[in-house]
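First the proteins, then the strands, lettered A, B, ... as listed; each starts at 1.
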Number of protein chains: 2
Amino acid sequence: MPKQVDHDERRREIGAAVCRLIAQRGLDAVSLRHVAAEAGVSMGRVQHYFATKDDLLMFAFELISDRVAARLGAISADDPAACLRAVLLELLPLSAAARAEAPVLAAFLAQAVVEPRLGEPLRRGSGEMAAWLAGMISAVRPGGDPERDASALLAFVDGLMLQVLIGQVSAEAAEELVDHQLGRVLTRG
Amino acid sequence: MPKQVDHDERRREIGAAVCRLIAQRGLDAVSLRHVAAEAGVSMGRVQHYFATKDDLLMFAFELISDRVAARLGAISADDPAACLRAVLLELLPLSAAARAEAPVLAAFLAQAVVEPRLGEPLRRGSGEMAAWLAGMISAVRPGGDPERDASALLAFVDGLMLQVLIGQVSAEAAEELVDHQLGRVLTRG
DNA sequence: TGTTTTACGATGCGTTCGCATTGCAAAACG
DNA sequence: CGTTTTGCAATGCGAACGCATCGTAAAACA
């Protein structure tokens with residue numbers, strides 16, 4: 001048998017090419033041939049590591065989900081308020097990494113509307129995120145309805161992400177909007 | 001020549017079929033053959049009224065844009081606060097009409113991320129909406145920064161629309177979130 | 001009434017798609 | 001050192017795609 005390769009690493013390389021393709025040209029541009037070209041490998045290789053196109057797309061979805069989770073998990077701050085702010089900002093396409101991932105997230109988000117298999121993990125992630133936000137909110141300002149505030153904040157940053165992506169809101173304006181919104185939630189109102 | 005037909009009406013019929021297809025199966029499902037089948041007409045007819053697939057999609061986009069604008073324009077209320085609330089709720093997939101349109105909007109919104117020709121009209125509409133919201137906000141509660149509040153509200157309802165579409169937030173919860181958010185904006189905080 | 005123009009239906013073309021199949025070089029393994 | 005297994009490249013297939021073309025029934029118009 002040929003050189004033993006790192007199976008998962010190869011899958012991740014190809015999955016990354018899928019994400020790049022989605023970010024630059026949308027989900028429609030994802031075909032086995034385009035993915036192979038983007039990854040700089042043969043089409044046979046793509047087929048060797050992914051049984052179907054659907055597998056490939058699902059893997060790409062998990063890949064960016066994991067990337068986002070990793071970025072969020074790397075955030076650490078002394079006080080909960082700063083941590084909250086950092087997490088919300090990390091969800092927006094402000095850094096180079098986030099700018100690369102956000103279009104992919106947006107594409108999968110829209111696809112989830114008509115594809116239940118994407119909706120399920122997306123709902124789970126969204127739920128976990130809301131629970132975490134609620135915890136942080138009540139840590140900063142006990143009382144009130146932290147779950148409601150968390151849901152509202154999540155919807156707000158999701159929408160803001162799209163507005164920034166289509167160029168309706170600049171990165172600076174988005175950051176200011178987050179700060180203002182966060183101020184409203186974290187101060188007794 | 002055959003029976004003189006209402007050209008625009010025929011285009012709207014086909015465009016409506018496109019919207020139905022997008023709402024139920026996503027943008028990928030839009031092909032000339034599928035559209036013809038959904039509209040119950042021949043493929044030749046679709047081609048007769050739309051030179052290219054791109055024309056067809058652009059027309060469908062204008063169609064739902066006009067529909068949303070019409071629904072928003074039909075809103076009338078005595079006091080500005082009620083009007084503001086009604087408009088925000090109308091942007092969410094709560095009524096049957098909005099539930100049919102929201103998935104289409106979401107699909108085009110995501111497509112706009114990688115398709116500048118969709119981004120431009122979307123930015124314009126979003127800008128007009130924000131300006132209108134800002135006007136209403138300052139009518140209810142003068143002072144503050146109505147433009148900022150308007151942008152934040154718009155991002156919030158956009159994100160909330162997606163959350164409702166993927167089933168993360170129920171219609172009732174969404175309505176309550178809008179009320180709460182609106183209360184924050186319209187009362188001195 | 002004859003002519004012209006319009007609204008299509010039908011069909012075909014070249015391309016691209018996802019996927020299956022085949023073949024084979026090479027390295028791990030006995 | 002042979003055998004076997006693995007990683008992949010190449011090719012082919014049927015289906016679906018967007019689009020161009022052609023034919024024609026029929027109504028508007030002269």
Checklist entry - In whole angstroms, how far is the C1' atom of D:dC19 from the CE atom of B:M43? => result 7 Å
Checklist entry - According to the interplanar angle, ranging from 0 to 90°, do the rings of A:H7 and A:Y49 count as parallel (below 30°), tilted (30 to 60°) or perpendicular (above 60°)? => result tilted
Next on the checklist: At 4.0 Å (heavy atoms only), tell me whether A:V35 reaches a base, stays on the sugar-phosphate, or touches nothing.
Outcome noted: nothing
Checklist entry - OP1, OP2 of D:dA10 versus side-chain N and O of A:R45: anything below 4.0 Å? => result no
Item to check | Listed nucleotide nearest any side-chain atom of A:K53, set C:dG18, D:dG7, C:dC8 | outcome: C:dG18
Item to check | First encountered from the 5' end of DNA chain D, between B:K3 and B:V30 | outcome: B:V30
Next on the checklist: Nearest whole Å is fine: how far is C:dC8 P from B:Q47 CD?
Outcome noted: 13 Å
Next on the checklist: Can you give me the dot-bracket string for DNA chain D, 5' to 3', counting Watson-Crick and G-U wobble pairs with both distances under 3.5 Å, using [ ] for crossing pairs and | for partners on another strand?
Outcome noted: ||||||||||||||||||||||||||||||
Checklist outcome for this item: Contact check, residues 19-27 of chain B vs DNA chain C, heavy-atom distance under 4.0 Å, returns none
Next on the checklist: Taking ring-ring contact (aromatic ring centres under 6.0 Å, His included) as the definition, give me every residue that meets it alongside B:F61, ordered by chain and number, with sequence neighbours left out.
Outcome noted: B:F108
Checklist outcome for this item: Rounded to whole Å, NE2 of B:H34 lies from P of D:dA16 at a distance of 8 Å
Item to check | B:L32 vs A:H48, nearer the 5' end of DNA chain D by closest nucleotide | outcome: A:H48
Item to check | Whole-Å gap separating P (C:dC17) and CG (B:D28) | outcome: 13 Å
Checklist entry - Is it true that atom CG of A:D78 has more than 12 heavy atoms of other residues, nucleotides or ligands lying nearer than 6.0 Å? => result no
Item to check | Closest non-hydrogen atom pair between A:A134 and A:P146, with its separation | outcome: O-CB, 3.5 Å
Next on the checklist: Can you say whether a donor on the side chain of A:R33 sits under 3.5 Å from an acceptor on the base of C:dG18, or the other way round?
Outcome noted: yes
Checklist entry - Taking side chain as C-beta onward, heavy atoms only, is B:L118 less than 4.5 Å from B:L57? => result no
Checklist outcome for this item: In terms of heavy-atom contacts, A:A152 and B:Q181 come closest through CB-OE1, 3.8 Å
Next on the checklist: Rounded at 0.5 Å granularity, tell me how far CD1 in A:I75 sits from CD in A:E90.
Outcome noted: 4.5 Å
Checklist entry - Taking all atoms of both residues into account, what is the closest heavy-atom pair of B:A60 and B:C19, and its distance? => result O-SG, 3.8 Å
Item to check | Nucleotide nearest B:T52 (side chain, heavy atoms from C-beta), chosen from D:dC19, C:dC17, D:dC17 | outcome: D:dC19
Next on the checklist: Nearest 0.5 Å, please: how far is CD1 in B:I14 from CZ in B:R45?
Outcome noted: 6.5 Å
Next on the checklist: Mind checking if B:Q4 touches a base, just sugar-phosphate, or nothing, with heavy atoms under 4.0 Å?
Outcome noted: sugar-phosphate
